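Every value quoted in this text rests on a predicted model; they were computed, and no experiment measured them. Order of appearance sets the numbers: ligands from 1, and atoms from 1 within every ligand.
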Amino acid sequence: MMSTEVKLERRELGNTGLNVSCVGFGASPLGNAFGVVSEEEAIASVREALNLGINYFDTSPYYGGTLSEKVLGNALKVIGVPRNEFILSTKCGRYVEGFDFSAERVTRSIDESLARLKLDYVDILHCHDIEFGSLDQIVNETIPALQKLKEAGKIRFVGITGLPLGIFNYVLDRVPPGSVDVILSYCHYSINDSTLEHLLPYLKSKGVGIINASPLSMGLLTENGPPEWHPASPGLKSACQAAAAHCKEKGKNISKLALQYSLSNKEISSVLVGMNSARQVKENVAAALELTSVGKDEGAIGEIQTILEPVKNETWPSGRIYP
Ligand code: NAD
């Protein structure tokens, strides 16, 4: 079933032994996070992704109030892809009802996720947006509970996700080596905000795999612009809109340039892009292949960086206040 014509780069994910495609399929759009996606379009997107060499898929019970997990699980089942040909992460601790990182809740959560995904195990279980919980609970209760799920064979690896970069140092400095395998950072390795770069040497020293999500800054770096719920300031939104308009005027696509920018750092194993159509999957894989064969369009990226200079590295508050 798999096409052998197109080769999307795969990169090692920390010490996990997993080789993930450099472009990963972010499945929050399958929970309608960026507008309604039909079941047919969802299946077509997942099928196209697999055909073009994407082997890493990310979802969460939070996305669409469990819809994303159900739709992704169903798509993988309908397509009939062998289990050892894809790598899947889902999350625990964040739900539409609120946050709960207790051992009891996350232990129940994986069984619920596996049922929705129609799987026996997931490759990675991430604690979702830990800055909204107590980081000491994550260290002392949640991560130990996830080790038991590893032993039970329900998950292969453990990850943590969130926005403020300080959360990663806080947890990784306190847990036993090897108990957190992966971190997932978002909106911090995009053209407008590249602050994750400073943390890469530390993360590498800890041996964790690095996943960077939201290379398009959750829609800021697209011609259509971000969804209503986007937390960026009006200033950041309008600067990104100006950059997108500038690219369009020059006959360039800001999303392609933004994805290529994020992909060009090979210390990041996979860049998770939210995709809601087979067309977007094709465009994003083509952008990655063009990066390999031709390289980055430094001139156009430089022009975007100049427009975004006044808002460079601007972010937004998320969760409790941590260093
Ligand atoms: P993103 O930066 O990937 O942007 C997604 C938006 O860009 C969607 O509207 C999508 O339709 C659009 N898009 C994608 N390809 C495009 C193209 N070629 N041209 C024009 N528009 C295009 O943001 P995201 O979806 O939030 O992040 C990607 C994934 O990373 C998520 O789906 C999720 O799996 C993961 N993620 C995790 C966390 C977390 O754990 N806390 C946070 C953010 C994202």
Side-chain angles (χ1 to χ4, degrees), residues 23-37 41-42 45-46 48-49 52 54 56-64 67-69 71-72 88-94 99 124-133 159-165 167-168 182-193 196 211-232 240 244 247-248 252-263 268 270-288 290 315-316 318-319:
V23 176
F25 187 105
S28 69
L30 303 191
N32 297 339
F34 296 89
V36 176
V37 179
E41 194 59 65
S45 308
V46 172
E48 191 68 25
L52 295 182
I54 291 179
Y56 174 41
F57 296 81
D58 175 67
T59 182
S60 165
Y62 177 64
Y63 300 150
L67 182 67
S68 168
E69 283 190 333
V71 171
L72 179 62
L88 188 137
S89 57
T90 191
K91 310 196 181 80
C92 63
R94 181 168 202 176
F99 291 89
I124 306 165
L125 186 64
H126 293 291
C127 304
H128 195 173
D129 291 341
I130 58 173
E131 71 270 24
F132 287 90
I160 49 176
T161 87
L163 185 72
L165 291 169
I167 60 173
F168 298 119
V182 178
I183 69 101
L184 187 163
S185 164
Y186 72 100
C187 286
H188 286 312
Y189 205 102
S190 307
I191 301 182
N192 59 299
D193 179 342
L196 177 63
I211 297 164
N212 169 46
S214 313
L216 313 184
S217 298
M218 301 194 303
L220 286 177
L221 304 174
T222 63
E223 281 177 13
N224 288 341
E228 274 297 303
W229 52 258
H230 200 291
C240 291
C247 291
K248 196 169 180 188
K252 311 254 176 183
N253 183 314
I254 192 164
S255 300
K256 179 172 111 174
L257 296 164
L259 179 57
Q260 291 180 337
Y261 175 89
S262 296
L263 283 169
I268 290 166
S270 191
V271 175
L272 275 171
V273 201
M275 296 186 255
N276 62 17
S277 65
R279 186 178 61 81
Q280 282 186 354
V281 172
K282 273 198 195 91
E283 282 176 12
N284 293 333
V285 171
E290 186 190 283
T315 182
W316 45 85
S318 180

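Considering backbone and side-chain N/O of D58, one or more are found under 3.5 Å from N/O of ligand 1. Polar contact with ligand 1: present for M218 (N/O pair, distance under 3.5 Å). Polar contact check, T59 against ligand 1: no nitrogen or oxygen pair lies under 3.5 Å apart. Residue contacts with ligand 1: N253 is placed with no nitrogen or oxygen under 3.5 Å of a nitrogen or oxygen of the ligand (distance criterion only).
For the salt bridge (Lys or Arg N to Asp or Glu O under 4.0 Å) test, residues two or more places apart in sequence or in another chain that qualify with E290 are K256. Partners of H128 under the ring pair (Phe, Tyr, Trp, His ring centres under 6.0 Å) rule, at least two apart in sequence or in another chain, are Y62, Y63.
Of the protein's non-hydrogen atoms, the one nearest atom 7 (O) of ligand 1 is L216 CD1, 3.5 Å. In terms of protein heavy-atom proximity, atom 22 (C) of ligand 1 is nearest to Q280 NE2, 3.3 Å. For atom 10 (C) of ligand 1, the closest non-hydrogen atom of the protein is G274 O, 3.2 Å.
At a 4.0 Å cut-off, not a single heavy atom of H126 sits close enough to ligand 1 to count as contact. Under a 4.0 angstrom heavy-atom cut-off, Y63 registers as being in contact with ligand 1.
With ligand atoms numbered from 1 in the order given, ligand 1 contributes 30 (O), 35 (C), 36 (N), 44 (C) to contacts under 4.0 Å with heavy atoms of A213. In summary, the atoms of ligand 1 found under 4.0 Å from a heavy atom of P29, numbered by their order in the structure, are 32 (O). Residue H128 has at least one heavy-atom neighbour below 4.0 Å for each of these atoms of ligand 1: 39 (C), 40 (O), 41 (N). Near D129, the atoms of ligand 1 lying under 4.0 angstrom from a non-hydrogen atom of the residue are 39 (C), 41 (N). Proximity to N276 (heavy-atom distance under 4.0 Å) selects the following atoms of ligand 1: 11 (O).
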Salt bridge (charged side-chain N to carboxylate O under 4.0 Å, His left out) evaluation trace for K91 with D58: CA-CA 9 Å; K91 310 196 181 80; D58 175 67; 2.7 Å; yes
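Exactly one residue among T222, D193, T315, N192 makes a side-chain hydrogen bond (donor to acceptor under 3.5 Å, both in side chains) with S217. That residue is N192.
At least one side-chain heavy atom of I211 sits under 4.5 Å from a side-chain heavy atom of Y56.
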